[in-house]
Amino acid sequence: MAANTGSEGASADFELFDPTFARRLRALSLQSARSAAGAAHGPRRVRSLGAGSEFADYREYSSGDDYRHVDWNAYARSERLLVRRHQREVDLDVHLLLDCSGSMAGGSPPKLRYALQLAAAIAYLGLCRYDRVSLWAVRDTVAASLSPVRGPRGVRPAFEFLRGLSARGRTDLSQAVRAFSAHAERRGLAILISDLFDAAAGVGAVEALRKARFDPHVIRLIDAAEHAPSRLGELELVDAESGAELALSVTPALLARYRLARQREAEALARSCADHHVPLHVLDTRMAPEPALLGLLRRGGLVG
Amino acid sequence: MGLTLLRGWQFALALALVWLLIGLLHSTRVKPARVVVPLLELWTQLGPGGPLARARRRITRSLSLACALSFALLATLAAARPRPAWLTAIGPARTRLIVLDAGRSMQAVDVLPSRFARARALAQALIDARPRHTTLLLAQLDAGVTPLSGPSDDEAALRAALGRARPTLVVTRLAAAVEYARTQLQGRPNPELVLISDGASADPPSLESLTAAGISVRQVSVGSSAHNVAIRAFSVRAQAWDAQRCEALIELENADRVEHALELTLYEDDAPIDLRRLTLPAQTRARHFYPLAASGQRLVARITPITAADTPGPADDQPLDDVAYAVLAQRPLRRVLWVSSGDRYVEAALALDPHLQVERIAPSAYRGAEARAYDLAIFDRFAPPEPPGVPSLYLAAPASPSGSPLRVTGKLRRPYFESVARDHPMLRQISLRDVNIAEAQRVALEPGDRALASAAQGPLIVAGERGGAPFIALTFDLRHSDLPLRVAWPMLLARSLALLGASAPDLELPLYVGRPMPLPAAAPPVRARDPAGLERELPVRGAEAWIRPQRAGFHALAAVGSLQLAAANLDPIAEPTIAPRRIAPELELPGSGAARALEDEPGLWLLACALLVLAVYWLLQARSARR
């Protein structure tokens, strides 16, 4: 069924992915489902005992237990009063926050496209597990959002939502996260996909997510040319978001300082995430999305 | 400021077009690249930018444009070859006469390839480094001055004129240069005579006239050697009674200060016939007579220095005078009238000369006019009634009021030869001292007569001229002496006849290079072919054709009905010394023409400035286009 829903959901959005990636995504969904819950399909099971439809275990009757939960057949066999225990079913909310500011338009390939592919893949996997997946386009605030969808039927609206996104505008992740927190009805997994060029703002956003009792994960996309530029000479630098211009004579020394500054920011972000036990995944956009996604799966904690 | 290659409007138009092109290129040049960056704030924090960078870029662009325009201006101006007023301004004008010594001594080879070649190169250097505002005149000098150019500052024309200079075989007369300089340079600004010469001249020049005329004189010395041995004279003549033998005269001179050992080789028609080794002390002249077994027409004498392997001797640095030429004239058949009653000794002596056609007539048959039909006449104990009008030999001619050449005044008893003119060709190397004479005539000489041999009492052999014809007279009867029995008798007779017959048209007279000589010519045309094969027609004036040989060697002369050969040699009038001599203060040779070119061509400086500006422009471009 999951295979059917998976194929049904993926087959309608080949323009977001190339056919090869789509096939690999379907294969990936089956693989991740097997690796996450064994032979179980359907909604995510959280391993806690409580009210549910699936028998999990027996325990001795104790005063105050509901008589309806006593397994009389087991009493007839063992003349012991045993109470049936069931797995408690919990829905997982997966919030995908996509940075759609102007800086995401840069890079080769464009970081936004890469982010959309990642978000589509993660959403697909989550929807195949019947997680509640919501998509949020953030800039300096929440620019657009997709109400939580669930199950394979949510793939098409999710993909349509993603296809409609474009990179423009300024970035203010902290403010955007606050707005997201205010709009999100349920807590859960919050996956922020951004280039986090402003690392300080990224730290603030993560902190805001933690304070809002989300389970933050950060996927940082890096374009090698933007991260370590090499062009020298008299240049007119234009800010991708604000359009501000700066005439600059770029020298090798200046480039070295820039790279050093970028490295320090990256280290600060990694330190902050590590301090708060926030998984930080840094992906180089030169790597194809599929192996990047597999890497995320292998490291665990994101899909599983 | 004047422009040499472009007129004013052409220069302005060219410059305007170039500037317009530069302006268009500058305006359409690629502006600085715009690069979109994710976070401009970081760049702002790290590097200087903003207005400062823009201003620096504007300045760089402005500088580049200024460099491009400046380069265009400088290069165009340099190409137009400007002549600024300060360059063309009238400064201290000068006139320099360069006289190139082309005389014989300048062909010495102590300076390779020759002194003259070296002198021409020095003249070329003087032309190339012509001082500013200096007008040059060129001339070459030998016995006279040959102008090569008029006053000129056109270096190309001067070089072409210098190329026409040629060395000659004539001895240099520096006085000719002095006179030429005085006439050419008088009245000219700052005149100067520059003599490029070794100073070896036939005449020591006096420079006072030039100094008095305000003409400075400078010399550029050429040559250093004085090593030279020369053949000053070479002549040959046939033996009177032996057509297969001849006698050669060679005069050698060592003009050097050291002794020379040399080989003297004689050639007959290009084949060596005689070789002798000689040693000549320093600065000596030696004359040698050689009997030769030769009958050919062309004879050449050549000297070569002898250098031993272990003691190399001095070289001979003047090869021109190491060879001399002579023509052994083919003696013509001469008709001789012998008026005699008979004398076996005379007859036998006459028979020895195959070039004599002798006809004897008895004295009684002689009428007086028949001698004119002969080349020579011999009157043996006979005095013609009147002077015969042809060269004559008198053997004891009796006294005659008109026919005898000498007036007989008496007799000499048993005279003997006391004094003999041994330098006379007739008597050279003939011994007459022990000749016995029983009796001789006492004769009275007339003015112009010469006693070639005399006894104490009076002359015995007399030579002179009567009626325009030469005569030789023996004042004694041969039968009254034992002279016919002597070895000297045939030689004496042959020489006397040879001397008497030497008034024929004489091509044996030596020809000298550069000296005009008259030759008897019956009628024009008379053509001459020189040793190089060049033919020309000789000018004929009256009964003489004038030849002025330009080359040493054999010259063929062709007239109507005759073809004769003549030998021309270097004129011996001058000393063969080639020792250089200082005749004027030495002229310091100027520097290279390149230095003057820089000084006189502002365009080169402009071009250098243009290249410098181009280098600055390139640096600016390289900095701004660095990737």
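This one's a predicted model, so the numbers in the text were calculated from it and none came from an experiment. Letters A, B, ... mirror the listed sequences (proteins, then strands); counts begin at 1.
Interface check for chain B: of the options A:Ala253, A:Ser103, A:Gly107, A:Ala240, the most heavy-atom pairs under 4.5 Å are formed by A:Ala240.
Proximity to chain B is absent for every atom of A:Leu260, based on heavy atoms less than 4.5 angstrom apart. Using a 4.5 Å cut-off between heavy atoms, A:Ala244 touches chain B through backbone and side chain atoms alike.
With respect to A:Glu241 and A:Arg139, no salt bridge is recorded, no charged nitrogen being found less than 4.0 Å from a carboxylate O. Residues A:Asp215 and A:Arg210 are not paired through a salt bridge, judged by the lack of any N-O separation under 4.0 Å between the basic side chain and the carboxylate.
If you check the side chains of B:Ser152 and B:Asp154, you find no donor sitting under 3.5 Å from an acceptor. No side-chain donor from either of B:Asp153 and B:Thr135 sits under 3.5 Å from a side-chain acceptor of the other.
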